[in-house]
A.B. asks: 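Before I ask anything, here is the structure I am working with.
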Amino acid sequence: MPRPPFVRALVTALLCTLAAPPLIGTAAAQKPWERKGVRVKVKIDSSPQNAVIYLDSKEFGPLGYTPLETKLVKGTYKVILELPGYKPLARDITVGRRNDPFIFVMERLPKPAVLDLRVSPADDSAQGAKVTVDNVAVGAIPATVEVAAGRHQVVVTKDGYNTYSEWVDVGEAERRTVVIVMVRLAPKTGTLVVSADVPGVEVYVDGARCDGVPCVMTLPEGPHMVEVRSGTLQPFRQQVTVIAGQQAKVMASLASQIPQTGAIRVHTPGLKGAEVYVDGELKGKAPGEFTGIRPGTHALEVRAPGYKPFEKEIQIRAGDTSYVKVELEKLPEAKPVGLLVVKSTVPLAEVFIDGAAFGQAPVRRELPPGRYIVVVQKSGFPEFKREVMLVQGQTLEVVAEMKAVGRIMVMAPPGAAIILDGQLIARTPMTPTEVPTGEHILDVRHPGFLEFRQAIKVEGGKSANFEIELKPRPTGPSPIQVAKMRRALSSFGEHAIPPGTFTADVGFGFPYFFEGRMTVGAVRFGKMMGLDAGFIFRTFGQANEFLAKTRFTALEAGPIALGADFAIGGGGGPDGRDNFSLEFGFGFTLHFKEIAAFSGRGFLSYYTDRMCWPRKLNGTTYSNVDDLNSSRDVCRAYDGSTNNNVPNTKTVPPSVLDELTHFVSSAGLPADWDPRDHRLSGTRFYLQAALEVTVAQNVGLFLLIEGVPFQHDRAAFMDLWNSAQIRRDPHIYGRAGMTLKF
């Protein structure tokens, strides 16, 4: 019977679900190297090897590692190579019937450099500071940052400190240590002046008591709490914001709390219109009554033109009226005067005019026109002094801005500069010196010592002593200078190495197959002359030499050095050989900073060589020394001859006789010369050029060329006498090697 439609749909869906995974798996498994067709042999390689090989896409997984031989179907493929430390490479290849190896050269990724940012062992101000490298935040000090080779900007910031910025150049794979020292920001301060409308108050700022009213204080920028107290009155409190470089003023209003005031009635018999002043403030004209005066002692002054001023202290009681009768004394004659008013920002300050005391400020005096010296003094404050010009009929007001001071005395080595807030105030030994109260930066500087810096606080009217122990300034070259000096050390030039340093050289060449030398700095004479010394060991085959040497720098000016050198020594070898050498030379050296040095030198060399056993040995005469010289054809050439001074042509090969005849003739020796009874001696003049290149702070390489053009042969440098040498003396020699510098 036919199935319902929904049953047919359910069966169809179930069959599709069961068949889908194999189909999908087949499609996914279709990898490039599994294409259908004729396969040919293919080799894939890279430089360097061991790179991972992908075909067409990395999603198919790796094919293998280079070098790889496999078989692929003809066609075009994309080869993808990856190797740690190298840039990924992607290339298209076409596989044909015959294929050459596919070889790919991979490009190395540049190795990153490392910036090691740390705090100074002597100053941890940079601890925890934020760091950015090339405007990218990298954390806080200490930090280690990988960067590309090149130039980078390091910026370090920290609250309360100046921003630190430095450009750093680093090479590939270089590790550079940068020591960070932060400089604290100078405090921003302003001035606060606190006054009150009642006497005898106490002023507190941020809980600290201020001496004197008005109270004048230098405070850091920002909010501060002011409190003014006066006996049983309710304290006055106010928060005030101090702005750097500006003055903030606070007037404490306490008088309104006093419930009663008094009054003064002034009577001037026979005179009307006289001015009445209370505590220097004009109250009105007499006769009259003046109310609203606070209880206490006040200064009453009555003035009228043409009359002497009347002054009197009066006592006012709350609710009472004081009666004062004033009879002004008429001036004998009118004189031209001006009015000089002297005030002070602090109470109880003494006023002096042209040296005369006029009491405490405020002071009002009528004086003849002219110049006056006004001085205002108070203990604990610097003296205020000003020259003024008083004009007839005018009022001149002088306000003495008094700031509290303290005294400091610094004990340090004589001649030290005492600097306060960047200003020189004294040199040691110093006497107690007045300075403004508050916080200051004290610097002590002396040419022979390291600079000392400290924050100090000076309190008004008090003395503070500071005993400073300065650390001696390091003498001698800096570590950078020592490193440069060491790199510039030269073993073959005319620049004597400094005392306390030495060099060791190892060289190979011809005719000296091996040469080793040690040089140590001996003494310096000023800045342009010096002396060093050392020894040389060298071998030219069948003989060795030991020489002592010394070098004297006569002139050192900039990159050029002129000097002379001297060496003496000798040595020997088997079969009776011995030799002695004496050398004296002079030359110049041209330094290319501490990177390289080129030297030119000429020197005289005296030598004397014995190349054969003598006929007499320890008093015994030998008629035939063939056994002693059994390996030496040239020595045996004189044995068994009927004439002892003529070579025996029957005992040696003809080639030896030819070379011997040539040598005797070229050296100018007599025909009857016998090497067993005579030494081979001579003097030759050498020309020498040396190039030294520094490859590290303690390592250098050298190349030396020298020669004796148009001069006679030296027997020790010939195969005839020394089988380790070549046939003829070439007259051109050279050595190359390495120098270690300490």
Side-chain angles (χ1 to χ4, degrees), residues 446-450 471-507 515-538 546-569 581-605 686 688-704 706 737-742:
H446 192 288
F449 299 86
L450 295 175
K471 296 182 180 180
R473 188 179 297 278
T475 59
S478 66
I480 295 177
Q481 291 172 325
V482 170
K484 289 185 177 181
M485 176 191 68
R486 184 166 294 151
R487 291 175 64 92
L489 295 181
S490 171
S491 297
F492 297 92
E494 300 303 331
H495 187 144
I497 64 177
T501 62
F502 74 92
T503 60
D505 304 276
V506 176
E515 178 182 88
R517 62 169 64 197
M518 294 283 289
T519 307
V520 62
V523 66
R524 291 287 298 181
F525 306 99
K527 295 184 178 180
M528 296 192 296
M529 295 188 292
L531 184 73
D532 61 22
F535 65 86
I536 303 173
F537 169 76
R538 59 193 184 190
F546 289 90
L547 295 92
K549 72 179 188 73
T550 184
R551 174 171 54 178
F552 173 71
T553 300
L555 174 65
E556 183 178 332
I560 299 178
L562 305 177
D565 54 87
F566 176 78
I568 185 171
S581 296
L582 179 67
E583 296 180 0
F584 173 76
F586 53 89
F588 71 92
T589 297
L590 180 61
H591 281 278
F592 298 91
K593 293 187 176 181
E594 66 274 8
I595 301 174
F598 176 79
S599 302
R601 175 173 170 252
F603 65 94
L604 285 172
S605 174
Y686 285 73
Q688 184 185 89
L691 177 63
E692 299 171 84
V693 178
T694 300
V695 296
Q697 179 176 327
N698 298 89
V699 181
L701 303 178
F702 69 85
L703 175 65
L704 185 147
E706 61 186 13
M738 178 176 65
T739 301
L740 301 179
K741 308 175 184 184
F742 303 94

A.B. asks: For His446, check side chain to side chain donor-acceptor pair (under 3.5 Å) against everything at least two apart and list the hits.
C.D. replies: none

A.B. asks: Got a sec, which residues hit side chain to side chain contact (heavy atoms under 4.5 Å, CB included) with Phe525, two or more places apart in sequence or on another chain?
C.D. replies: Val523, Met529, Leu531, Phe552

A.B. asks: Of the non-hydrogen atoms in Ser491 and Thr503, which two are nearest, and what is the gap between them?
C.D. replies: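 So the minimum-distance heavy-atom pair works out to OG-OG1, 3.0 Å.
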
A.B. asks: Only pairs under 3.5 Å count here: list side-chain donor-acceptor contacts from residues 585-594, not counting sequence neighbours, and write none if there are none.
C.D. replies:
unit_1	atom_1	unit_2	atom_2	d
Thr589	OG1	Glu494	N	2.7
Thr589	OG1	Ser599	OG	2.9
His591	NE2	His495	ND1	3.2

A.B. asks: What closest approach, in Å, do Thr501 and Ile497 show between heavy atoms, and which atom pair accounts for it?
C.D. replies: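 The answer is O-CD1, 3.5 Å.
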
A.B. asks: Taking salt bridge (Lys or Arg N to Asp or Glu O under 4.0 Å) as the test, write out the residues that go with Arg538, two or more places apart.
C.D. replies: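 Counting only residues at least two positions away or on another chain, Arg538 forms a salt bridge (Lys or Arg N to Asp or Glu O under 4.0 Å) with Glu545, Glu583.
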
A.B. asks: Looking at residues at least two apart in the chain, or sitting in another chain, which of them share a ring pair (Phe, Tyr, Trp, His ring centres under 6.0 Å) with Phe537?
C.D. replies: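 Partners of Phe537 by the ring pair (Phe, Tyr, Trp, His ring centres under 6.0 Å) criterion, ordered by chain and then number, come out as Phe546.
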
A.B. asks: Distance from Asp532 atom CG to Thr550 atom OG1, nearest 0.5 Å?
C.D. replies: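 It is 6.0 Å, given to the nearest 0.5 Å.
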
A.B. asks: Which pair of heavy atoms, one from Pro472 and one from Leu450, lies closest together, and at what distance?
C.D. replies: O-CG, 4.1 Å

A.B. asks: Looking only at heavy atoms, what is the nearest atom pair of Phe702 and Gly507, with distance?
C.D. replies: CZ-CA, 3.8 Å

A.B. asks: Only one of Lys549, Arg551, Arg601 clears salt bridge (charged side-chain N to carboxylate O under 4.0 Å, His left out) with Asp565; which?
C.D. replies: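 For Asp565, the salt bridge (charged side-chain N to carboxylate O under 4.0 Å, His left out) test succeeds with only one of Lys549, Arg551, Arg601, which is Arg601.
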
A.B. asks: Could you work out, with side chain to side chain contact (heavy atoms under 4.5 Å, CB included) as the rule, every residue matching Phe742, not counting sequence neighbours?
C.D. replies: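 Per chain and number, Phe742 pairs via side chain to side chain contact (heavy atoms under 4.5 Å, CB included) with Phe502, Leu740.
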
A.B. asks: Using the side chain to side chain donor-acceptor pair (under 3.5 Å) rule, collect all pairs that involve residues 693-704, keeping only residues at least two apart or in two chains.
C.D. replies: Thr694-Lys741

A.B. asks: Return the set of residues passing salt bridge (Lys or Arg N to Asp or Glu O under 4.0 Å) with Asp505 (not counting sequence neighbours), or none when no residue passes.
C.D. replies: none

A.B. asks: Roughly how far apart are Gln688 CD and Phe492 CZ, rounded to 0.5 Å?
C.D. replies: 8.0 Å

A.B. asks: Applying salt bridge (charged side-chain N to carboxylate O under 4.0 Å, His left out) as the test, list every pair that has at least one member in residues 689-703; sequence neighbours left out.
C.D. replies: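 Not a single pair qualifies under salt bridge (charged side-chain N to carboxylate O under 4.0 Å, His left out).
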
A.B. asks: Would you please name every residue forming a side chain to side chain contact (heavy atoms under 4.5 Å, CB included) with Leu582, sequence neighbours left out?
C.D. replies: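 Scan of Leu582 (side chain to side chain contact (heavy atoms under 4.5 Å, CB included), adjacent residues dropped) gives Phe566, Ile568, Phe580, Tyr606.
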
A.B. asks: With side chains defined as the heavy atoms from C-beta onward, is the minimum distance between Thr739 and Ser490 less than 4.5 Å?
C.D. replies: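 Sidechains of Ser490 and Thr739: no contact.
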
A.B. asks: Go through the structure and list residues passing salt bridge (Lys or Arg N to Asp or Glu O under 4.0 Å) with Arg524, not counting sequence neighbours.
C.D. replies: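 Per chain and number, Arg524 pairs via salt bridge (Lys or Arg N to Asp or Glu O under 4.0 Å) with Glu556.
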
